[in-house]
Amino acid sequence: MSQQNIRVRFAPSPTGPLHMGGVRTALYNYLFAKATGGKFILRIEDTDRSRFVEGAEDYIVEALKWCGLTLDEGEGIGGDFGPYKQSLRSELYNKAVEDLLEKGKAYRAFDTPDELNALRQDAESRKEVFQYDAKTRGTCRNDLSLSSEEVEKLLAEGTPFVVRFKTPDFAEDVVLIDEIRGEVNISSTVLDDKVLMKTDGLPTYHLANIVDDHHMEISHVIRGEEWLPSAPLHVLLYRAFNWDPPRFAHLPLILKPKGNGKLSKRDGDAGGFPVFPIEWKNHQTGNISAGYREYGYSPEAFVNMLLMLGWNPGDEREKFSLEEAANAFSLDRIVKSGARFSPDKARWFNELYLRESPHEDLAESLAKMAPKFGVNINSNQALSIVTMMIERVSFLGDIFESKWLFEPPSKETFNLKMVKKKWKDETASYIEDLKVMLEGIEDFKADVIEGEFKAFLESRELGFGQVLLPFRIALTGSGGGPSMFEFAEFLGKETTLSRIEKGLATVASIKKELKV
Ligand code: GLU
């Protein structure tokens, strides 16, 4: 493939927040542009005013930015092919419609909504579906069925009309080569005479999309599979204009975790995972939908996860930075079948990036988010906590679930099952002796504590499990966590000793209450 003049666009409609499927479309466009030395363009398709949602455009721009998908041209940043928002490009669409009308490739239709409904009902009564096309347009009210006097009269009276595309009069196979699916062949008879311009003079998606792709010199249209049924009409439109069509690549759907159908917002709500890149606040209802960013995902992990939903490098590699992905990316490694989304895999990607992040950076973020969780920690404490905990969490914020890191466990937070199972009658005396031993340690460092602890066990002929787990319970109230030697160092000698004392008292009272 020639590497020259590759231009791709991401063309969302600002009708709501961007679904993660939309972000993946943007990502694949971005990567294809980077892989081929082309340009990545953002075009806002806002011709459908009835579906316009306030805030959606800003949301799209912010989401792309968070994902690191830098634009070469587009709404907000400019370029030689602007404006990049369809509501600002009416002139081009008007001219295009005039051109088609002149060539006889489109026509005006004056049918009212009531008349069209009657035709639909009539067809239904015959168990048929009404389609405005070569077979039926003669029975409707339009340029092709009415005399020129009648048309003049309607126009003079200001009768509303739409402009429809004239699909071929005779059946033919419309063929397009999809870069992912290969040859797609469809009979023109299944296509209807689509409205290109509405009664309000605004273009429909089909017209504006083709006109813009042509004038913006788009070389490849990479978009979701849901647009595949429209592609044959688009091919015919290019032909009607006498323009070369771009190449098409229709991306597979992102499927629900169970694999049955397209992933929706409802699946996210039910499964407790976000389907939007960043949080979305509906301006009208005030409802908030969760975003990956706010959930605690790093953009690198989110983007990497999306990359692998429908594409693979042909080998075992799974971890890709944007740059690495751009080097490896090609359209022919995109899969044809739907890609099943896995919340667990998404979390796995976040862990992957979290474990590799410099601890200093994580500590800084941790200290910053701490007040939100009702705690205050300095940068040294944050660094120690990160070192102890980072292998045990999927998201940085998960650390705050271990409350015992920040305050002694209370009776309410003690793991009763652990106490019942692991705290024997003789355990308290071991822990009391352990406390005495710890009191004697001058240099209260993890490795020193560990050495002394082992010597203590040996001298008392005790097993690790007999003392280490109760030691953990006394300090944290729970049965799992980081190395207790590191944790004791983090707490410092004084706090460690006072936590043991308090832990002993709490366990004693729990045991009394539980009568175990
Ligand atoms: N505006 C369409 C959308 O919202 C763009 C489809 C296309 O890329 O052609 O998805």
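As a basis for the values below, the full set of heavy atoms in this structure was taken, side chains included, without hydrogen atoms, waters or symmetry mates. Owing to the predicted nature of the structure, the values given are computational and were not obtained by experimental measurement. Every number for a ligand or one of its atoms is a count from 1 in the order of the listing.
- Contacts between Thr15 and ligand 1, counted as non-hydrogen atom pairs separated by less than 4.0 Å, are absent for every part of the residue.
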Discussion item. Walk me through whether His234 and Tyr205 qualify under ring pair (Phe, Tyr, Trp, His ring centres under 6.0 Å).
Written reply: CA-CA 11 Å; His234 295 179; Tyr205 154 74; 5.7 Å; yes
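- Any N or O atom pair closer than 3.5 Å counts here, and Ala11 shares at least one such pair with ligand 1.
- Those atoms of ligand 1 with a heavy atom of Asn209 less than 4.0 angstrom away are 7 (C), 9 (O).
- Here is the list of ligand 1 atoms found below 4.0 Å of a heavy atom in Trp227: 2 (C), 3 (C), 6 (C), 10 (O).
- The contact set between ligand 1 and Glu45, taken as ligand atoms under 4.0 Å from a residue heavy atom, comprises 1 (N), 2 (C), 5 (C).
- Residue Arg9 places a heavy atom less than 4.0 Å from ligand 1.
- In this structure, atom 4 (O) of ligand 1 lies nearest to the protein heavy atom Ser13 OG, 3.2 Å.
- Ring orientation note: the planes of Tyr238 and Phe248 are nearly perpendicular, at an angle over 60° on the 30°/60° scale.
- The local environment of CZ in Arg126 is crowded, with over 12 non-hydrogen atoms from other residues, nucleotides or ligands closer than 6.0 Å.
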Item to complete: Applying side-chain contact (heavy atoms from CB on, under 4.5 Å), run through Lys336 and Ile180 and close with a yes or a no.
Response: CA-CA 6 Å; Lys336 287 193 193 63; Ile180 297 164; 4.2 Å; yes
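- For the ligand labelled ligand 1, residue Tyr205 lies inside the 4.0 Å heavy-atom shell.
- Using the six-membered ring where Trp is involved, Tyr28 and Phe329 have ring planes that are tilted, between 30° and 60° apart.
- A salt bridge does not link Asp99 with Lys95: every distance from a Lys NZ or Arg NE/NH1/NH2 to an Asp or Glu carboxylate oxygen is 4.0 Å or more.
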